Each structure stands twice: as structure tokens, then as C-alpha cells.
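Just so it is clear, the structure is predicted and the values come from calculations on it, not from any experiment. Both backbone and side-chain heavy atoms feed into the values below; hydrogens, waters and symmetry mates do not.
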Amino acid sequence: LLFCLALAPLSTLLNNSNYGYESQNGKVNHLSYMDDLKTFAKDDNQQTGLLTIIKAFSDDIKMDFGLDKCAKATFKRGRLTKTTNIDLDIDTVIKEIDQEGTYKYLGVNEGDGIQHSATKEKIRKEYYRRVRMVLKSELNAANRFEAINTLAIPVVTYSFNIINWKLSDIRRLDTKTRKMMTMAKMHHPKADVDRLYLPRAEGGRGLVQLELTLKTTTIGLDTYLATTDDPLLQLAKHHEDRKKLYSIKKEAAKFKQELNIPEIPPKENEATTKYARRVKQKAKHHRSE
């Protein structure tokens with residue numbers, strides 16, 4: 001919290017500049033989350049202006065922003081093009097990203113768009129590695145399930161609605177997880193699969209099912225985007241609604257129909273985040289019934 005408070009003035013400085021893109025919902029020139037920052041500008045001159053503000057702020061508060069680790073990408077008509085580096089001073093140069101290169105933003109590799117296939121493979125390998133590590137441990141059965149839920153499952157769920165996962169991809173992950181458990185003698189091959197994913201309080205084994213989590217997460221996010229008044233999120237919703245494939249709105253409607261989820265109206269004066277979380281939980285519990 002203290003770190004975010006220290007960086008809040010930088011966001012204000014960038015918002016007050018004349019750089020960025022104008023839209024019906026206001027000006028957009030940066031996205032920030034904790035220690036990750038991405039800036040947007042119409043051309044290199046504006047980008048230099050934004051980076052100069054960041055460099056000055058970094059020097060003023062005596063914080064090393066790691067500008068030498070940054071990368072710059074220029075797009076013209078939706079295509080990544082080659083331009084020159086940005087020289088802020090003698091010691092600080094923002095290099096142009098290679099045509100085949102990528103950079104990591106919030107844990108996701110990006111270049112000319114998100115590298116979906118490469119990121120999927122990376123996530124799969126890390127997920128399986130963590131599951132194997134838990135299964136080889138000396139934890140008892142209940143704690144192994146808890147460890148998989150808290151250590152391995154989030155590796156995949158973090159990427160939901162960012163990476164274009166197909167249901168068939170997620171089902172394969174669930175199937176491979178059960179096979180790995182069978183090999184570790186934690187799940188009989190003829191045991192009831194549904195019981196594996198029921199909560200322990202209801203007689204199940206408490207494993208989180210990735211397929212169901214993808215569906216409920218999509219429903220919750222669609223609810224959030226449909227009810228939020230945040231200008232940037234409204235832009236995201238407008239972008240999503242125009243998609244022909246992997247639209248959150250279309251996917252959520254399909255999942256609601258599959259899970260037979262009834263319409264859940266918001267409560268009076270209920271915060272958007274709480275409403276979206278409540279819809280997500282209702283979908284999860286309704287499916288388990």
C-alpha cells in the first residue's frame with residue numbers, strides 16, 4: 001500500500017499531460033499495476049514526453065525505475081514496425097523491441113499482440129511441474145489437495161480471459177491432473193470424478209476444477225464489465241463486444257446457459273466488485289448443486 005501511495009503522483013502527472021489517445025471515455029496514456037507500467041502515445045515525440053515525465057519523477061523520489069529494462073514498440077495500422085530507439089539522456093536509452101522479440105508485462109509475454117501459443121505452453125509446463133512437486137511431497141492427502149489448489153491451480157487461472165484458452169485445452173489439463181493423481185495413488189481410475197471436485201464438507205475431496213473455474217471466472221468478469229463505470233474498463237468492454245472470437249460477453253452467455261444459471265440482479269447500493277464476486281460464487285455453487 002505504501003508503494004502504491006508513493007507512485008500515485010506519477011499517475012496524476014501522466015494524466016495531466018497532453019499526451020495519449022483521446023476517446024469518448026477520456027484520455028488514455030498509461031496503465032499501471034504495482035511496479036509494472038505501460039505507456040501509450042500517438043507517436044515517438046509523445047512517447048518521449050511521457051518517458052521524460054517518468055524519468056524526472058524517478059530521479060526526484062530517488063527510486064530506480066529500471067528504465068534500462070524497458071522496451072518500446074511502434075505500431076502502424078496494427079502492424080509492428082521498426083523505428084529508432086528513444087534517448088532520454090546519455091545513460092538512458094529505451095530500445096526498440098525486435099520484430100520477433102517479446103517483453104513481459106504482468107507475467108505475460110507480449111510482442112505484436114499476446115503470444116498465446118507460447119504462453120499456453122509455458123503455463124502448462126509450470127502447472128504440471130508444480131502438481132508433480134506436490135504429489136511427490138510427504139503431505140497427507142487433504143494437504144496435497146490444498147497445496148495443488150493454492151500452488152498449482154492459480155498458475156492457470158491467472159491467465160483466464162487473457163490467454164485464449166479453449167475448453168478442450170482446459171479439459172485436457174483436468175484430465176492430465178487426474179492421471180497424475182492416479183499414478184501417485186491418490187485417485188483410483190474407476191473412482192467417481194464428480195466427487196473429486198466436491199468440497200470436503202460435502203463428502204468430496206475438494207480439488208478445484210479448472211473447467212468450472214474458467215466458466216465462473218468468465219461469468220464474473222462479464223458481470224463486472226457490464227456494470228462498472230470505470231472509463232478504461234468501459235473501453236475494454238467496447239473492445240470485447242466487437243470481437244468475433246473469444247468475446248467475454250458471448251462466452252459468458254454460453255456458460256450461463258450450460259450451467260443453467262438464473263439471472264442475478266444487483267442489490268441496492270452494491271459495489272460492482274462485490275456484485276461480480278457474488279454472481280461468480282452463485283454460479284459456482286449452483287453448478288455444484
Side-chain angles (χ1 to χ4, degrees), residues 1-116 118-119 122-123 158-159 161-163 225 228-240 273:
L1 181 59
L2 182 60
F3 181 83
C4 292
L5 288 172
L7 293 188
L10 174 59
S11 184
T12 302
L13 290 171
L14 294 174
N15 284 330
N16 290 340
S17 70
N18 293 320
Y19 310 123
Y21 290 96
E22 294 288 342
S23 71
Q24 59 183 2
N25 295 324
K27 183 169 57 182
V28 180
N29 59 22
H30 74 286
L31 293 174
S32 61
Y33 181 79
M34 297 300 290
D35 61 342
D36 280 304
L37 177 67
K38 181 187 289 189
T39 59
F40 304 91
K42 290 183 177 180
D43 51 43
D44 281 359
N45 290 332
Q46 285 200 8
Q47 189 66 267
T48 301
L50 291 172
L51 294 174
T52 301
I53 293 173
I54 297 170
K55 180 68 166 57
F57 182 82
S58 172
D59 293 339
D60 287 346
I61 66 173
K62 308 301 180 185
M63 178 183 285
D64 184 6
F65 268 53
L67 292 175
D68 56 318
K69 298 179 181 178
C70 296
K72 164 183 163 286
T74 302
F75 295 89
K76 292 184 179 180
R77 298 184 181 275
R79 294 178 178 269
L80 184 64
T81 59
K82 183 68 176 178
T83 57
T84 58
N85 299 333
I86 293 181
D87 299 325
L88 294 181
D89 55 37
I90 298 177
D91 301 320
T92 308
V93 178
I94 308 298
K95 295 182 179 180
E96 178 82 10
I97 193 171
D98 296 332
Q99 287 287 337
E100 302 298 326
T102 61
Y103 71 101
K104 185 178 289 187
Y105 179 67
L106 298 181
V108 177
N109 288 331
E110 299 182 9
D112 187 0
I114 295 176
Q115 308 298 305
H116 292 279
T119 304
K122 181 180 178 181
I123 290 171
Y158 174 78
S159 66
N161 303 124
I162 300 172
I163 304 302
L225 291 177
T228 184
D229 57 359
D230 183 280
L232 291 180
L233 290 177
Q234 288 177 353
L235 281 176
K237 180 180 182 303
H238 179 67
H239 172 71
E240 282 293 324
T273 50

Subject >> Polar contact flag, side-chain donor to acceptor under 3.5 angstrom, T228-Q234 >> reply: no
Original post:
Could you give the distance from CG (L10) to CG (L37), rounded to the nearest 0.5 Å?
Top reply: 6.0 Å
**OP:** Look up atom CG in D60 and atom CG in L13, then write down how far apart they are to the nearest 0.5 Å.
**Re:** 9.0 Å
**OP:** Ignoring hydrogens and angles, tell me if any N or O in the side chain of Y21 forms a donor-acceptor pair with the backbone of A41 under 3.5 Å.
**Re:** yes
Subject >> Minimal non-hydrogen separation, L7 against M63, with atom names >> reply: CD2-SD, 4.2 Å
Original post:
Would you find a donor on one side and an acceptor on the other, under 3.5 Å apart, between the side chain of T52 and the backbone of T48?
Top reply: yes
**OP:** Calculate, to the nearest 0.5 Å, the distance between atoms CG and NE2 belonging to L232 and H30 respectively.
**Re:** 8.5 Å
Subject >> Any residue meeting side chain to side chain donor-acceptor pair (under 3.5 Å) with E240, in chain and number order, not counting sequence neighbours >> reply: K243
Original post:
Say you draw a straight line from OG of S17 to CG of N15; how long is it, rounded to the nearest 0.5 Å?
Top reply: 7.5 Å
Subject >> Sequence-distant partners of D59, salt bridge (charged side-chain N to carboxylate O under 4.0 Å, His left out), two or more places apart >> reply: K55
Original post:
Which pair of heavy atoms, one from P9 and one from F57, lies closest together, and at what distance?
Top reply: CB-CE1, 3.8 Å
Subject >> Any residue meeting side chain to side chain donor-acceptor pair (under 3.5 Å) with S159, in chain and number order, not counting sequence neighbours >> reply: W165
Original post:
Between L225 and K237, which heavy-atom pair has the shortest distance, and what is it?
Top reply: O-CD, 3.2 Å
Original post:
Has the side chain of N29 got a donor or acceptor atom that lies under 3.5 Å from a matching backbone atom of L14?
Top reply: yes
Original post:
Rounded to the nearest 0.5 Å, how far apart are CD of Q47 and CZ of F40?
Top reply: 9.5 Å
Original post:
Does any N or O in the side chain of Q46 come within less than 3.5 Å of the main-chain N or O of G20, such that one atom is a donor and the other an acceptor?
Top reply: yes
